[in-house]
Number of protein chains: 2
Amino acid sequence: MIPESRQDDKAIARAANSRLVHDFGLLIKSATLLEQRIDSALRRECGISHTMMEVLIRLCRRPGEEVSQRHLADDLTLTSSGTTRLIDRMEESGLVRRVASPEDRRVALVEPTEDGRRVFLRAADIHAHVVERYFVEPLARDDYTRLTSALSEIHKALREDVT
Amino acid sequence: MIPESRQDDKAIARAANSRLVHDFGLLIKSATLLEQRIDSALRRECGISHTMMEVLIRLCRRPGEEVSQRHLADDLTLTSSGTTRLIDRMEESGLVRRVASPEDRRVALVEPTEDGRRVFLRAADIHAHVVERYFVEPLARDDYTRLTSALSEIHKALREDVT
DNA sequence: AGTCAATTGCTGAGTACTCAACTAAATTCT
DNA sequence: AGAATTTAGTTGAGTACTCAGCAATTGACT
């Protein structure tokens, strides 16, 4: 049995040291750290989480646009249940309000309150600062452009087959 | 007061539609989707989470190397408390075991069991498949190289100032 | 029109994390 | 050597998700 075990050892070490595994780990780790950095800055300075900021960004993009919870869930990679509770918390802190849709009585439209818009404006500043510092600054101009286009491709591939 | 409000409207729309905000969102979203994809594949095929897989990768890298929980926590971007419970679950499912360090009686070294190594070997296959499909395939060879080097830079910047 | 299927949002139960406070061991300072 | 500080890991309480299952509403098929 020892020779078979030695065979495995080789395969195991090879798999654990694979280039792909390392690179993928780097992506996940960088994204996690970056999100944590933004999240704690936003919590400290504006009292909102990074996820709440993503909601506000979505809601402020086109003023007057009707945005349902389902829509938000898709955009934020959340389940509908997670979204319900997220909007609950945001409504409770007065950042957004739910409005019944006139066309479809199932959907709850979400819109920012005046206060939500005010908080968003302050948060956008913090957000920009952190993104600038850790996402743009470390990269050469060209690399930044290529990074984002690479991410677009990856994102497209992920969206395309919803297996 | 209306003119002031209109002023804000402009600033709000500009902030919400900023290029940086969009690009950063893309990074976070791609990473999240990618991780979810891997996580569900691993759970379905091998009964382990993506986080557990990251632990196994770390433990199988250099066989015989002493890896403490602290070490794992740093590598996985987890708190020590999160790591304790993660290793609890992994120990319970027989994937790893805790061994007291002979040099420092505070530290708990973590090592993979035979079963853990077996599971890792199967999981590495799934892992490689998904990474290949959504991380490598969508990109031209050059773009892949540049993407990973850009990520390295970002990661370095994040590591450097631990503000 | 009447049933069947799909979709929206909500809720209970469970999971996987965080933070703060703790113990025990090791290290540093004097 | 002894006190003060730092570090490793654990625990309790809280947070923010997920999944499965629900009711209400809408749309599609005949």
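Letters go in sequence order (proteins before strands), and every chain restarts at 1.
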ring-ring contact (aromatic ring centres under 6.0 Å, His included) filter on A/His155, not counting sequence neighbours, yields none
Go through DNA chain D in 5' to 3' direction and return only the first and the last nucleotide with some atom under 4.0 Å of chain B's heavy atoms.
D/dT7 to D/dA13
Take A/Val131 and B/Val21 through the test side chain to side chain contact (heavy atoms under 4.5 Å, CB included) and record every step on the way to the result.
CA-CA 8 Å; A/Val131 172; B/Val21 160; over 6 Å; no
What is the distance, rounded to the nearest whole Å, between atom CZ of A/Arg98 and atom C1' of C/dG9?
8 Å
Classify B/Thr83 by what it touches in the nucleic acid, base, sugar-phosphate, or nothing, heavy-atom distance under 4.0 Å.
nothing
Qualifying ring-ring contact (aromatic ring centres under 6.0 Å, His included) pairs with a residue from residues 84-109 of chain B, counting only residues at least two apart or across chains
none
Please, which pairs that meet ring-ring contact (aromatic ring centres under 6.0 Å, His included) have at least one residue in residues 83-112 of chain B, sequence neighbours excluded?
none
Neighbours of DNA chain C within residues 52-69 of chain B, by heavy-atom distance under 4.0 Å
none
Do nucleotides 19-26 of chain C as a string where each nucleotide becomes B, S or -: B if the base has a protein heavy atom under 4.0 Å, S if just the sugar-phosphate does, - if no protein is that close.
BB----BS
Restricting to pairs with a member in residues 25-59 of chain B, which pass ring-ring contact (aromatic ring centres under 6.0 Å, His included), not counting sequence neighbours?
A/Phe24-B/His50
Residues that B/Phe135 engages under ring-ring contact (aromatic ring centres under 6.0 Å, His included), provided they are two or more places apart
B/Tyr144
Test your reading of the model: is there a side-chain donor-acceptor pair from B/Ser68 to the backbone of B/Val107, 3.5 Å cut-off?
no
Taking only side-chain nitrogens and oxygens of A/Arg70, does any of them come within less than 4.0 Å of OP1 or OP2 of C/dC10?
no
For B/Ala13, does its backbone N or O pair with a side-chain atom of B/Asn17 as donor and acceptor, under 3.5 Å?
yes
Find the bend of the helix from C/dA1-D/dT30 to C/dT30-D/dA1 as the angle between its two terminal axes (five pairs each), to the nearest 10°.
30°
Under the salt bridge (charged side-chain N to carboxylate O under 4.0 Å, His left out) rule, what pairs show up with a residue in residues 21-32 of chain A, not counting sequence neighbours?
A/Arg19-A/Asp23
How close or far is atom C1' of C/dT18 from atom CD of A/Glu35, stated in whole angstroms?
14 Å
Residue pairs passing the side-chain hydrogen bond (donor to acceptor under 3.5 Å, both in side chains) test with at least one member in residues 97-110 of chain A, sequence neighbours excluded, are A/Gln69-A/Arg98, A/Asp88-A/Arg98, A/Glu91-A/Arg98, A/Arg97-A/Glu111, A/Asp104-A/Arg106
Could you go step by step and tell me if A/Ile126 and A/Arg122 meet the side chain to side chain contact (heavy atoms under 4.5 Å, CB included) rule?
CA-CA 7 Å; A/Ile126 316 285; A/Arg122 279 197 301 123; 5.9 Å; no
So the ring-ring contact (aromatic ring centres under 6.0 Å, His included) pairs with at least one residue in residues 77-97 of chain B (sequence neighbours excluded) are none
Answer yes if the side chains of B/Arg89 and B/Ser93 hold a donor-acceptor pair under 3.5 Å, and no otherwise.
no
